[in-house]
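Counting begins at 1 with the first residue of the sequence.
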Amino acid sequence: LPVVVATGCFCVQTHSSYVVPVVALTALAFASVWVLTYRRRLRVGEARRALRWSLVAAGVGAVLWFPPVLEQMISPIGNLGILWRHFRGWDEAGVGVQRAFELLLIHLDPWRMATRDLFFDRWSIAGSLVPGAITLSVWAVTAVIAVRQRLSAQLVRLHVVALVAMLATVVTVSRLGFTSYYRLMWLWGVAALVLMATSWTLLVLIRQYLRSAGHRRMAKRLVWAPLVLAGAFTVVSISNASGIVHDRSDSALLERLAPRTVSALDQAHSHSARYFMLWNDATTGRLGRGLMNELLREGFDVRASRRYHAEVRLHRVGSPADAKAMIVLVAGGDVGEWRRTPAAREVARVSSARLYYAGSAEYELGISVFLVPTPSRADPLAVR
């Protein structure tokens with residue numbers, strides 16, 4: 001139970017999409033422990049043992065949630081409050097149960113897990129449903145056989161865990177409106193669980209058949225099959241990982257934008273001046289944070305809007321009114337609008353860059369950095 005709670009806390013604090021699966025599987029773990037405790041209630045100390053480990057698990061959860069609780073108590077903007085407002089004001093139109101089930105089938109494709117196509121495209125998730133449907137069908141058959149033939153109590157429990165995980169997955173994904181790969185990475189864990197339960201059951205059935213046919217030595221050697229499969233998968237994964245080419249297009253853009261921006265700031269103001277930085281959604285956010293990091297590394301005091309506090313942290317949140325000038329990073333149609341602003345001076349520019357925008361589509365956009373000496377004259381654009 002402590003391991004379940006610690007792992008669940010880590011997952012939930014990584015991304016909010018873990019909440020439903022983690023709660024469901026943690027509840028299943030506690031329920032199973034106490035059901036077994038009730039069945040063994042005549043054993044001396046059984047209930048005391050279950051209670052002790054349940055309390056230890058609760059203590060682990062309290063320790064791991066203490067930092068965000070403390071942050072909520074002492075910080076004007078805490079993560080728990082953000083999550084509460086997010087879920088309370090949920091207005092994201094979900095993809096629905098059908099699409100959620102399709103995404104589950106796509107991730108149940110064993111071939112995907114053994115190739116470099118693990119993360120699909122950069123944003124979109126697509127693929128054939130046939131391999132996943134076959135995997136799900138085989139799992140269902142093996143689960144029924146495991147229950148009806150009572151192959152192993154542990155094996156039956158593993159199938160129950162896989163079923164609960166898949167149901168929680170469909171419920172969670174159906175409520176998401178934007179299903180990019182990074183929101184659904186944990187589905188590979190569910191897929192691995194399903195494949196593990198299926199493979200285990202098939203190996204048990206094959207072993208029983210070999211024993212009944214008199215091939216006891218071969219049945220005994222079959223014990224090594226899981227280790228061989230795990231080793232083969234590890235080798236394939238390492239091989240695939242070594243051949244991945246990382247996309248450094250954002251870094252290449254910053255290599256062109258950052259030096260020119262630094263030079264313009266050195267010429268326009270003293271190095272100790274405070275700046276307020278804005279970036280629009282078309283820059284994908286990464287370029288904005290990247291440019292801010294580069295300026296901070298050069299020793300400039302740069303602040304950002306409160307809406308980005310989770311990314312830049314509270315000590316880097318500021319206001320245009322407190323800044324000597326504004327640094328504005330924009331792409332696409334906003335570039336022309338800022339060029340028509342009298343107070344804005346274009347200090348760096350990349351005429352053409354391929355960026356992912358609006359979740360999935362790729363666009364050819366121009367990117368510019370503007371320096372606005374008087375923030376008050378650009379307030380209408382800043383608000384927009």
Side-chain angles (χ1 to χ4, degrees), residues 1-90 92 94 153-154 157-176 182-193 196-197 306-317:
L1 293 182
V3 175
V4 171
V5 171
T7 307
C9 290
F10 174 80
C11 291
V12 169
Q13 292 174 7
T14 299
H15 203 285
S16 59
S17 60
Y18 281 95
V19 170
V20 174
V22 164
V23 170
L25 292 173
T26 303
L28 177 64
F30 275 87
S32 64
V33 166
W34 281 100
V35 167
L36 290 174
T37 301
Y38 177 77
R39 292 177 179 175
R40 302 168 181 170
R41 59 187 180 278
L42 297 181
R43 297 184 184 181
V44 178
E46 191 69 23
R48 187 179 305 159
R49 178 171 174 266
L51 179 61
R52 180 172 65 250
W53 284 109
S54 297
L55 292 175
V56 170
V60 169
V63 169
L64 293 178
W65 279 103
F66 177 74
V69 171
L70 178 63
E71 180 196 40
Q72 187 65 38
M73 294 172 62
I74 66 176
S75 171
I77 303 177
N79 278 328
L80 294 180
I82 294 172
L83 287 172
W84 170 253
R85 290 189 294 272
H86 170 68
F87 286 112
R88 186 182 63 179
W90 187 274
E92 187 175 344
Q154 290 179 328
R157 292 171 194 160
L158 183 60
H159 280 291
V160 172
V161 172
L163 175 61
V164 173
M166 286 190 288
L167 292 176
T169 293
V170 173
V171 171
T172 298
V173 178
S174 67
R175 295 291 298 143
L176 299 177
Y182 72 87
R183 270 187 161 187
L184 304 180
M185 282 184 178
W186 50 274
L187 263 69
W188 293 117
V190 176
L193 188 67
M196 181 180 176
R306 182 173 288 271
R307 64 176 291 194
Y308 300 120
H309 75 275
E311 297 149 292
V312 305
R313 308 310 295 160
L314 284 174
H315 68 284
R316 288 296 172 190
V317 170

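In this structure, Ser54 and Leu1 approach most closely via the heavy-atom pair OG-CD1, 3.6 Å. Nearest heavy atoms, Cys9 versus Gly61: SG-CA, 4.1 Å. Residue Leu158 comes nearest to Ala197 through the heavy atom pair CD2-CA, 3.7 Å, listed as atom of the first residue, atom of the second, then distance.
Applying the side-chain contact (heavy atoms from CB on, under 4.5 Å) rule to Leu167 yields the partners Leu163; only residues at least two apart in sequence or on another chain are considered. Every residue two or more places apart in sequence or in another chain that forms a side-chain contact (heavy atoms from CB on, under 4.5 Å) with Ala6 is listed here: Val60, Leu64. Every side-chain contact (heavy atoms from CB on, under 4.5 Å) that Ser174 has, sequence neighbours left out, goes to Val97, Ala100. Taking Ala24 as the reference, Val164, Ala168 meet the side-chain contact (heavy atoms from CB on, under 4.5 Å) condition, with sequence neighbours excluded.
Note that CZ of Arg40 is 7.5 Å distant from CZ of Arg49, once rounded to the nearest 0.5 Å. Taking CZ from Arg48 and OG1 from Thr37, the interatomic distance works out to 13.0 Å, rounded to the nearest 0.5 Å. Atoms CE and OH, on Met185 and Tyr18 in that order, are 8.5 Å from each other to the nearest 0.5 Å. How far CE of Met196 is from NE2 of His159: 10.5 Å, rounded to the nearest 0.5 Å. Atom CD of Glu46 and atom CG of Leu36 lie 8.5 Å apart (nearest 0.5 Å).
Annotation for Trp34: atom CH2 counts as buried by contact number, over 12 foreign heavy atoms lying within 6.0 Å. Other residues, nucleotides and ligands contribute only 12 or fewer heavy atoms inside 6.0 Å of the CZ atom of Arg39. For Trp53, the CH2 atom sits in a loose shell: 12 or fewer heavy atoms of surrounding residues, nucleotides or ligands are nearer than 6.0 Å.
When side chains are defined from C-beta on, Val173 counts as touching Leu184, because their heavy atoms get closer than 4.5 Å. Residues Arg157 and Ser32 have side chains not in contact (no heavy-atom distance under 4.5 Å, counting atoms from C-beta outward). When side chains are defined from C-beta on, Thr172 counts as touching Trp186, because their heavy atoms get closer than 4.5 Å. You'll find the side chain of Thr7 stays beyond 4.5 Å of the side chain of Val22, heavy atoms only.
The salt bridge (charged side-chain N to carboxylate O under 4.0 Å, His left out) contacts involving residues 9-22 comprise nothing, where partners must be two or more places apart or lie in separate chains. Legend: salt bridge (charged side-chain N to carboxylate O under 4.0 Å, His left out) pairs involving residues 50-79, not counting sequence neighbours, sorted by first then second residue: Glu71-Arg313.
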Requested in this report: Please test Leu80 against Trp65 for side chain to side chain contact (heavy atoms under 4.5 Å, CB included), starting from the C-alpha separation and ending with a verdict.
Outcome: CA-CA 10 Å; Leu80 294 180; Trp65 279 103; 3.9 Å; yes
Query - side chain to side chain contact (heavy atoms under 4.5 Å, CB included) between Val56 and Val5, worked out - result: CA-CA 10 Å; Val56 170; Val5 171; over 6 Å; no
Report task. Decide yes or no on side chain to side chain contact (heavy atoms under 4.5 Å, CB included) for Thr169 and Leu187, but give the supporting numbers first. Result -> CA-CA 7 Å; Thr169 293; Leu187 263 69; 3.7 Å; yes
